Colleague: 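Mind looking over this structure? Questions follow.
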2 protein chains.
Amino acid sequence: MIKRAVTIKDLAKKLGVSKSTISRALRDHPNVKEATRVAVQKLAKELNYQPDRLALGLVGHKTYSLGLVVPRIDFPYFSHAVSGAQEIASRAGYQIIICQSNESLETEKAVINTLLANRVDGLMISISIETEEYDHITDLQERGIPFVLFDRVIDCIKAPKVVMDNVDAAFRLVSHLIEQGYRRIAHIAGPRGLLVSEQRIKGYEQALRKYGLEYNPAWVIHSGFRVESGEQTTKQLLELNNRPDAIMAVSDSAAMGAVLAIEDAGLRVPDDIAVAGFNNENFTRFVKPGLTTVSLPMYELGQQAVKMLLRQIEHPDGFKVPHPLTLKSHLIERGSTTRR
Amino acid sequence: MIKRAVTIKDLAKKLGVSKSTISRALRDHPNVKEATRVAVQKLAKELNYQPDRLALGLVGHKTYSLGLVVPRIDFPYFSHAVSGAQEIASRAGYQIIICQSNESLETEKAVINTLLANRVDGLMISISIETEEYDHITDLQERGIPFVLFDRVIDCIKAPKVVMDNVDAAFRLVSHLIEQGYRRIAHIAGPRGLLVSEQRIKGYEQALRKYGLEYNPAWVIHSGFRVESGEQTTKQLLELNNRPDAIMAVSDSAAMGAVLAIEDAGLRVPDDIAVAGFNNENFTRFVKPGLTTVSLPMYELGQQAVKMLLRQIEHPDGFKVPHPLTLKSHLIERGSTTRR
DNA sequence: TTTTGAATTGGGAACGGTTGCATAAAAAAC
DNA sequence: GTTTTTTATGCAACCGTTCCCAATTCAAAA
């Protein structure tokens, strides 16, 4: 059925030499006669010979492929990282096998196993929300498998990591709100247990402390990244006797949910309540008022993760776990937090 | 360095039997003693044995991996398709290797070659904008390699395809505009040469014809999918003496660009000019007025593409190229096209 | 006991490459 | 014209599997 791809054997038969000679001629080994080499390479080109990467991997113990695990690729947040990773990888002659954990620990473990069975040269992992025990990750360390954690990382294990400056980003965002005159600042936080959530809460606290404002636990509510989460949580906040006058949401979508809930309650953004989010999603510049947000360089994060992984793969001897690489985010001030 | 993964040989040595026996025991071949089978499977589980997929692929001529080529994965449009494809594939025991052509024909050819060198069992391809000659695709056919074209397909070659009902979607969208009382309808079309662009223009024409409106070539301008494209093209349209009173853009982003340009010119949507787009991107429901759009089931499109490919791979005998599968889109009417 | 057949198991080729080592051929040195 | 060296090639093993075929075991039948 399938016209079998041309192999080294076919070339050998056609030229009447052994497959070793072909192999050597193709890789420019010094011990082949000029004439032979030229003939082989010409024929190879003619027949469109491509070495079989399976065979190559089997014998060479290297597949030039990297495994990438993200919760979902259809979150723009991650798809940018994936895209950045791909760029660097393919430029370095590696390809990437992308898997989704679907935010499930079970699936995360499964896809990591599949990737290893495919003999990837290394792994890049952004853990799922469910991932609260890390045996499958520490396993990798014990087995000496090169890997990098990125964005959604695990705080308590020492491993190569590339992350966002979440603490700092939240700190700057809250500082901005305070400087705009807002004092009763609430936070729609991310899911409980996720490091990102904790870090943004930490930055939020630090900013309050710096400006001498008190931390009100009732104003920090763990929720989710989605519009609905933001909408619902905001409704709760609006019912407090001591209503906040600003909301920092863990994502732009949640922030958008907050805006919808606020307007639904007959209040106005930013006059009654300011709103800000994270990610600089495309809609933030289209809505009115424009949504203040933090731009996170996810594309670059993907790129850096691959670079860190390749360093590990290509110089395994003497590789030392580097300090986590923290990428700087960028505050984008828009109308939703600007007192008129 | 890397603690070598446990192989069938290791199991054989440990149990004092031959590797053939191990292999058979693991795949529940009838010709193994119950006791042996149990012992082997127990040990395999203990040592966390995973068959090496490279070796499997090499001998079995089947890798259970599919190649997927899209212009970009960080376009939400495609990332949903990719996600849908992944779901079905992994449910069927296949994995997907995703590559981006970056809208370059050169790269498209290159990644297809890489995927073949990796011995994928089949390919799913959404062609790049640049792809105007199809030798690399017809090659696949000649070599008997299973593949499916999806979304961005090639009209003139007979191959398995999964597509959107672009003609019909545009037809319904324009009909809707006409029914809302708009008569001078312009179209910010997609890049020239792309089938999607042609199809949407066709649907646009059909709707005009049905309602007895004349087709004005000056109102159909080839442009791009991005906000800037829409913005710039709209500026051109606004300068015409015979200004349109409605704009159908090829994408929501371009539509958003149109809205920005219109408002920038001191005009109002939808009173002066109506605007509609395609894709049902998240911001369309957040902006004011809400943007009328067409929801395209890209997730399902990815799913169907895999299903069609797997049918081909798993029953190669007697496989006949099916009619292109056309998925139904769904019109979402919002404020941007509703005369008040 | 033998014979016989079925149930198990082992050996080895194959998949498509790479590579060390032996060998043949050609060139250089004597 | 030998011997030695260099250069070019082939052979065979290996990577981790599967699978065909031959060999062994074992119990039941003769």
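Throughout, protein chains are lettered first and strands after them, A, B, ... in sequence-line order, and every chain is numbered starting at 1. All values derive from a computational prediction rather than experimental measurement.
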Colleague: NE2 of His29(A) versus P of dG17(C): gap in Å, rounded?
Modeller: 18 Å
Colleague: Does the ring of Tyr64(B) carry Lys62(B) above it, NZ/CZ under 6.0 angstrom from centre and within 45° of its axis?
Modeller: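 So Lys62(B) does make the cation-pi contact.
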Colleague: Please tell me which of the listed nucleotides, dA14(C), dG10(C), dG17(C), lies nearest to the side chain of Val59(A)?
Modeller: dG17(C)
Colleague: Looking at dG17(C), dG16(D), dC15(C), which one has an atom nearest to any side-chain atom of Ala55(B)?
Modeller: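 Looking only at heavy atoms from C-beta outward on Ala55(B), the closest nucleotide is dG16(D).
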Colleague: Does a donor on one side chain sit under 3.5 Å from an acceptor on the other, for Gln95(B) and Thr114(A)?
Modeller: no
Colleague: Where along residues 8-17 of chain A does a heavy atom fall under 4.0 Å from DNA chain D?
Modeller: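 By residue number: Gly16(A), Val17(A).
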Colleague: Using atom NE2 of His61(A) as one end and atom P of dG16(C) as the other, report the distance to the nearest whole Å.
Modeller: 19 Å
Colleague: Does Ser23(B) place a side-chain N or O at less than 4.0 Å from the phosphate oxygens OP1/OP2 of dC19(D)?
Modeller: no
Colleague: Determine whether the side chains of Ser23(A) and Ser20(A) contain a donor N or O and an acceptor N or O closer than 3.5 Å.
Modeller: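 No, no side-chain donor-acceptor contact under 3.5 Å.
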Colleague: Does any part of the side chain of Ile73(A), heavy atoms only, come nearer than 4.5 Å to the side chain of Ile98(B), both counted from C-beta?
Modeller: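 Counting from C-beta outward, Ile98(B) and Ile73(A) do come under 4.5 Å.
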Colleague: Give a yes/no answer on whether the side chain of Ser18(A) brings an N or O atom under 4.0 Å of OP1 or OP2 in dC11(D).
Modeller: no
Colleague: Is any side-chain nitrogen or oxygen of Ser20(A) closer than 4.0 Å to OP1 or OP2 of dA12(D)?
Modeller: no
Colleague: Hey, does Asn102(A) have a side-chain heavy atom less than 4.5 Å from the side chain of Glu87(B)?
Modeller: no
Colleague: Return no unless some side-chain N or O of Arg27(B) is found under 4.0 Å from OP1 or OP2 of dT18(D).
Modeller: yes
Colleague: Pick base, sugar-phosphate or nothing for Gln50(B), based on heavy-atom distances below 4.0 Å to the nucleic acid.
Modeller: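 The residue Gln50(B) makes sugar-phosphate contact but no base contact.
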Colleague: Got a salt bridge between Glu300(A) and Lys307(A), using NZ or NE/NH1/NH2 to carboxylate O under 4.0 Å?
Modeller: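 Salt bridge between Glu300(A) and Lys307(A), a charged N being under 4.0 Å from a carboxylate O: no.
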Colleague: Measure from CG on Leu56(A) to P on dG16(D) and round the result to the nearest Å.
Modeller: 15 Å
Colleague: Could you tell me how far apart Asn31(B) (CG) and dC19(D) (C1') are, to the nearest whole angstrom?
Modeller: 12 Å
Colleague: In whole angstroms, how far is the C1' atom of dC15(D) from the CG atom of Asp52(B)?
Modeller: 9 Å
Colleague: Measure from CG on Leu58(B) to P on dG16(D) and round the result to the nearest Å.
Modeller: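 That distance rounds to 12 Å.
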Colleague: Checking all strands, does Arg119(A) fall into the base, sugar-phosphate, or nothing category for heavy-atom contacts under 4.0 angstrom?
Modeller: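 Counting heavy atoms under 4.0 Å across all strands, the contact made by Arg119(A) is with sugar-phosphate only.
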Colleague: Surrounding CD of Glu106(B) (heavy atoms of other residues, nucleotides or ligands, distance under 6.0 Å), is the total greater than 12?
Modeller: no
Colleague: From dG16(D), dA8(D), dG17(C), pick the nucleotide closest to the side chain of Thr7(B)?
Modeller: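 The answer is dG16(D), which lies nearest to the side chain.
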Colleague: Please state how far atom NZ in Lys19(B) lies from atom P in dT18(D), giving the value in whole angstrom units.
Modeller: 10 Å
Colleague: Arg24(B) CZ to dT17(D) P: how many Å, rounded?
Modeller: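 So the two atoms are 15 Å apart, to the nearest Å.
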